[in-house]
Structure formats: C-alpha cells, structure tokens
Amino acid sequence: MSENKTYNIVFGGIGGQGVLKASEICGLAAMLAGYSVTKSEIHGMSQRGGSVESYVRFGSEIHSPLIPAGCAEYLVCFHEEEYPRLKPFLAEDGRDYVSYIEIAKKSIENPRTLNTFLVGVLSASLPIDVEFWMAALEQVFPEKIQELNKKVFLEGREVGTK
Amino acid sequence: MYASKHVGLNVAMDPLMTASYTGVTAGFVIVVCDDPGMHSSQNEQDTRWVGLYSKMPVLEPSNPREAKEFVKEAFEISEKFDTPVILRMVTRVSHTKQDMDLGERIVPEQPPLEKNPAKYVMVPKLAYKKHILVEERLNKLREFAEKTSLNKVEMNDTKMGIITSSMAYSYVKEAYPKASILKLGFSYPFCDEKIRKFAKSVDELVVVEELDPFIETHIKAMGIEAKTKDPSFMIGELRPELIKPLINGEKKVEKENKDRPPRLCPGCPHFFSFNAMKKLDLFVAGDIGCYTLACLPPLQTLHTTVCMGAGVTFNEGLRKANPDAKIVGVVGDSTFVHSGVTGLINAVYNNAKGVIFILDNSITAMTGGQQNPATGMTIRNEKTKQLDLKALCLACGVDHVDVIDPVKENKEFEALVEKRVNQDALSVIIAKHPCKLIKNLG
Ligand SMILES: Cc1ncc(C[n+]2csc(CCOP(=O)(O)OP(=O)(O)O)c2C)c(N)n1
C-alpha cells in the first residue's frame with residue numbers, strides 16, 4: 001500500500017447482471033484494505049436491462065470518479081455485446097477480462113453468481129488481501145447467500161491466479 | 001433539509017421563491033441534483049441559475065467528501081445570513097461513493113415556535129420590507145464569498161488560470177494537474193474581487209464549467225477577458241478527456257450513443273396495458289415512470305413525455321386541439337398522487353372526455369421501488385393509511401372508474417378499454433397488477 005499508484009477498474013455489462021454489486025465489492029475491499037477509494041456508477045436504468053457501467057479507482061490522489069478513455073488498467077466486462085462499447089476504456093497495457101465470461105459460465109452453477117466469479121478473477125491481480133475481499137462479500141450479500149458467494153469468489157480467484 | 005432532483009425543485013419553485021424572503025428560523029438547506037448528460041432525466045437544466053433568480057446562496061461540492069463538509073457549511077451560512085442555502089449537486093457527485101471520516105454529530109436545540117408575522121406573513125406590505133432585507137443579505141453574502149475558504153485559489157504555473165466549480169474541478173485536476181485554479185465552492189453570489197485578483201495573476205484565464213455558462217456570463221459582465229468554451233460544450237456532461245478540447249476552444253465531437261436502451265422487464269404489467277392501447281392505435285399522452293419505456297420498440301405506444309402529471313393534462317389539451325383524434329392519457333400510481341389528480345379535477349371541471357389509465361403497479365418502480373401514498377406503506381416501509389385511488393377518482397367526478405388486472409384479466413381488460421375509448425365520457429381505468437420487481441426491491 002506504500003506505492004504511489006492509482007488503480008483504475010472499469011466494470012460494465014447490462015442491467016440485472018450484478019455489475020454494480022461487483023464494483024461495490026471491489027470498492028469496499030479496497031477501502032477495508034486501507035486505500036482511498038472512489039466508486040462511481042449510474043443506476044437509474046440498471047434494473048431495466050440497459051447498459052450499466054461502474055468505475056472503481058483506488059490508491060494515491062484521485063480526483064475524477066470517472067476513468068478517462070484509455071486509462072483503465074483493468075476492464076471487467078460482463079456481456080460480450082457490451083464489449084465494443086467498453087473496450088476504449090482499456091489502457092494499451094491494461095488487463096482485459098472479457099475471455100473470462102466463457103470460463104465463468106462453465107464454472108458456475110448459478111448464473112447469478114457471474115459477478116462474484118469475475119470479481120474473484122480480478123482479485124488475483126489486485127494488491128488487496130483475501131481477508132478484505134471476504135469481509136466485503138459479507139457486507140454486500142445477505143447471510144443466506146454469503147457462503148455460496150465466497151465459494152464462487154475463491155473459484156474465480158483461483159482461475160485468476162493461473 | 002429539502003432534497004430533490006432538478007425537476008423536483010421546479011415543482012417546489014413557488015414556495016422556494018418566497019422562502020428566500022421569509023428566511024429561516026433554523027438552518028435550511030436545499031439539496032438539488034442536476035443531471036448533466038440526462039442519465040435518467042427529461043432535461044439538462046442548470047440549477048445554479050435558481051440561486052441568481054431566487055437571490056439565495058449556492059454551494060457546489062466537487063466530490064462526496066466535500067458534499068458532506070459543505071452540508072455543514074451550508075447550515076451555518078443559512079443560520080448566519082437568515083437564508084435558505086442551495087447545495088447544488090450533479091449526478092457524478094451524487095452517484096459516487098468515497099471513503100471519508102465522519103465528524104461528530106451535533107444536535108442543535110429546537111427553537112421555539114413563535115408568532116412572527118413580519119417574517120412569515122408575506123403579504124405585499126411585509127414582503128416589500130423583506131425584499132429590502134434580501135438585497136442587503138445578498139451584499140453581505142458577496143462579502144462572505146470573498147472571505148470564505150469555499151472559494152479556493154490553488155496557485156501553480158501562472159501561464160494558465162482556470163476558474164471552475166463542482167465536478168468539473170475534479171476533471172480539471174485530472175487533465176491539468178499543474179494549472180492554477182480558482183475553485184468556486186461558493187458559486188453564488190460571486191466573489192468578484194477574488195476573481196479579479198486571480199485573473200490578474202495569470203497570463204490566460206479560462207472558465208471550465210459543466211452545462212450553462214453561469215460563471216462565464218458573470219465574469220464577462222465584469223469586463224474580464226477569458227477563454228470560454230464552444231457552445232457545443234453546454235450540451236451533455238463533461239468527462240476528464242473532454243477538458244483539453246474544451247479549453248482549446250474546440251467544438252465538441254458528438255459521439256454516437258451505443259448504450260443499450262433500457263426496456264420494460266419481461267412480464268411487466270405495463271406491457272399488457274400498452275398492448276391493449278396499441279391494438280386500438282390510440283394516441284397516448286404519456287407521463288414519467290417505467291411506462292415511459294413504452295415509447296421504444298416493440299410497443300411504441302406512448303407519444304408524449306414532458307413532466308409528471310402531463311399524462312392527464314395532455315389528454316385534455318390535445319383533445320381540445322384535435323377533437324376527432326383517439327386520445328388517451330397514462331400515468332403511474334405514484335405520479336397520479338404526485339400531480340395527476342389536480343389535472344383530473346381540472347378535466348372534470350372543464351367537462352373534458354377521454355380515458356385516463358392509472359397504471360397501478362403498487363410501487364414507484366422507475367426510481368428504485370419507493371412506497372407512495374397509494375401503497376399503504378410509508379417511505380420507510382412502515383404500515384400507514386392507504387389512499388383509495390378509486391374513491392379519489394370518483395370523488396373528482398369522473399364518469400366511470402374501473403379497477404381491473406391487465407395481466408390476469410387480460411381479455412376483459414382489452415374489451416373494457418375498447419368500450420371506454422368509444423364512449424363520450426371521462427373514464428379512469430386503474431390497471432392494477434404489482435410490479436415484477438417488488439420482492440427484489442424490498
Ligand atoms: C417533478 C419530478 N420529480 C421526480 C421525478 C423522478 N421520477 C421519475 S419517474 C418517477 C415516479 C414513477 O412512478 P410511477 O408513476 O408509479 O411509475 P412506475 O415507474 O412505478 O411505473 C419519479 C418520481 C421526476 N421525473 N419529476
């Protein structure tokens with residue numbers, strides 16, 4: 001956490017996929033790990049199947065909650081059809097997680113846990129200890145689905161570590 | 001404290017304008033959020049003008065942390081200057097989360113209720129005296145604007161100085177970390193001396209603001225030379241990557257919006273109601289709620305949207321101008337209670353005809369599932385008395401009121417719509433079926 005760096009992550013997909021929940025988990029985990037965080041989203045239409053995107057930034061001095069085009073080090077896309085729209089956010093040497101949608105779909109039993117799986121994959125590349133991710137999952141999900149989401153998260157994290 | 005989006009403040013403009021005259025007994029802060037880019041709004045109005053128009057101070061935070069701090073400042077200014085204070089937000093401030101330290105909560109003493117007609121009875125003679133005080137107050141606020149740390153100068157490279165406010169400040173910091181900046185946190189009334197001094201201290205002055213040229217108009221009236229944006233930047237929201245072209249005086253390059261449009265949820269009760277209207281090829285005066293989405297394919301069965309309540313009033317107005325057209329109006333349960341019922345009373349009074357559909361999905365769905373007076377629950381989800389929509393419409397004096405489920409009684413619903421549309425009467429059809437999201441919304 002001593003390094004002087006900002007992490008820029010763009011999450012995007014369509015309403016109902018849990019995009020905002022994913023960015024919420026990520027923002028919370030970063031905050032619990034002691035980073036300064038901003039998380040921005042538009043959720044007016046998210047329940048009605050429209051495009052949804054959310055930006056998480058953490059690390060040293062952050063001003064804009066929006067991530068400029070070409071500046072995201074991480075792009076977590078939840079839906080292939082949304083990918084062309086989201087791709088311009090990614091920095092040239094940024095990490096693109098679009099290929100993990102297929103892997104996630106094969107791995108998870110409940111399609112509603114796609115978001116948790118993808119956050120798990122992402123988590124493997126972020127400087128946030130697993131305990132903070134677990135704490136964030138506990139804050140975000142109601143008790144009866146916490147265990148399931150922790151399991152799916154760890155499966156994603158394992159895939160992301162490879 | 002009052003809170004709404006920009007269009008909500010429009011509805012409150014009548015009391016607001018005179019609240020400026022009465023002033024306050026204890027702190028009164030008006031939190032209002034504009035929506036540059038219209039993420040979920042029907043216009044892009046810039047509420048900073050309301051400060052100028054109502055002669056009340058405007059504070060503009062540039063991030064959530066500041067928003068929290070500014071609320072405290074706003075309450076202090078309100079009490080010190082005996083004025084309501086506008087805390088003007090934008091979507092990107094309101095829809096951002098940020099880590100922050102919470103301060104100590106201070107619970108002030110409740111002031112006693114006193115009879116003070118000179119302050120609170122705004123009849124012409126008393127209001128005239130108050131107007132004198134309002135102008136004096138503005139002058140005091142101008143002095144305050146010069147001193148307050150809410151208007152902050154950050155001196156760096158003196159080649160270029162940027163005057164900015166609100167979220168635009170955050171984008172400027174991102175795009176020009178080395179520029180000198182005058183950040184107007186207290187953006188009305190203006191700090192003329194501070195602005196003049198800042199302008200003198202830099203080689204070139206630039207104004208960066210989202211939406212209208214609010215700061216620009218003022219400093220130009222002061223006779224200060226400044227580089228300002230191409231008018232194309234008055235439209236839509238800013239982003240960090242738009243700051244450079246804006247400052248360079250370029251025209252904004254309009255990008256095609258590739259966002260996937262929202263749609264009615266699968267199985268939405270509104271779909272069934274509109275399907276019946278579509279079959280009859282009606283002209284549908286619309287309103288604001290999830291049902292506005294019926295304007296999009298595949299339904300394309302909603303033909304006007306302006307403001308809350310217009311589903312009812314447009315039916316009346318359009319019929320006056322087009323006596324032979326098949327016109328109906330739609331409105332939601334929440335919107336009907338908010339501002340539909342006044343239009344219905346007006347329609348009855350003026351002997352208007354037509355069919356008004358109240359699409360009662362027993363929730364305020366579009367905005368995230370809030371309760372409303374017709375649901376029988378308070379905004380905090382506690383039980384309360386339920387408004388009886390049918391009895392209310394009957395009391396207004398409409399000719400027919402039917403309550404029917406457009407999903408479960410679909411055939412009967414379609415037959416009823418056809419019957420009512422062809423009658424020379426004013427009817428209300430309450431299409432009642434709960435929103436699909438209610439259990440998820442809880
Ligand atoms: C004056 C004003 N206040 C608030 C809003 C925000 N708003 C948009 S839709 C809506 C309510 C919609 O509820 P309802 O009419 O019950 O329709 P539903 O979405 O449930 O179908 C509100 C309050 C607005 N557009 N205008």
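Treat the numbers as computed from the prediction; the structure is a model and nothing was measured. All heavy atoms count here, side chains included; hydrogens, waters and symmetry mates do not. So that the names make sense, note that chain A is the first sequence line, chain B the second, and so on, each numbered from 1.
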Side chain to side chain contact (heavy atoms under 4.5 Å, CB included) evaluation trace for A:Cys71 with B:Glu174: CA-CA 12 Å; A:Cys71 293; B:Glu174 205 79 32; over 6 Å; no
Chain A contact via B:Asp259 - which portion, at a heavy-atom distance below 4.5 Å: both
Side-chain heavy-atom pair B:Met167, A:Pro65 within 4.5 angstrom cut-off: yes
Other residues, nucleotides, ligands: >12 heavy atoms within 6.0 Å of A:Lys87 NZ: no
Selection from A:Thr38, A:Val37, A:Ile62, A:Leu66 maximising heavy-atom pairs under 4.5 Å formed with chain B: A:Leu66
Which portion of B:Met100 sits near chain A, non-hydrogen atoms under 4.5 angstrom: neither
Residue B:Leu238 versus chain A: region with a heavy atom under 4.5 Å: backbone
B:Arg260/A:Arg85 under side chain to side chain contact (heavy atoms under 4.5 Å, CB included): CA gap, chis, key distance, verdict: CA-CA 10 Å; B:Arg260 178 187 288 254; A:Arg85 195 176 66 78; over 6 Å; no
Residue A:Phe58 versus chain B: region with a heavy atom under 4.5 Å: neither
More than 12 heavy atoms from other groups under 6.0 Å of CD on A:Glu158: no
Structural part of A:Glu61 lying under 4.5 Å from a heavy atom of chain B: neither
Choice from B:Gln98, B:Lys97, B:Glu241, B:Lys258 maximising heavy atom contacts with chain A below 4.5 Å: B:Lys97
Chain A contacts, top residue of B:Pro261, B:Cys268, B:Ser170 (heavy-atom pairs, under 4.5 Å): B:Ser170
When A:Gly27, A:Ser54, A:Ser64 are compared by non-hydrogen pairs under 4.5 Å with chain B, the top option: A:Ser64
Side-chain (B:Arg239) to main-chain (A:Ile67) donor-acceptor, under 3.5 angstrom: yes
Side chain / backbone / both / neither for A:Leu28 at chain B, heavy atoms under 4.5 Å: neither
Closest non-hydrogen atom pair, B:Arg92 against A:Ser40: NH1-OG, 3.7 Å
Spacing of OH belonging to A:Tyr55 relative to OG1 belonging to B:Thr96, to within rounding of 0.5 Å: 10.0 Å
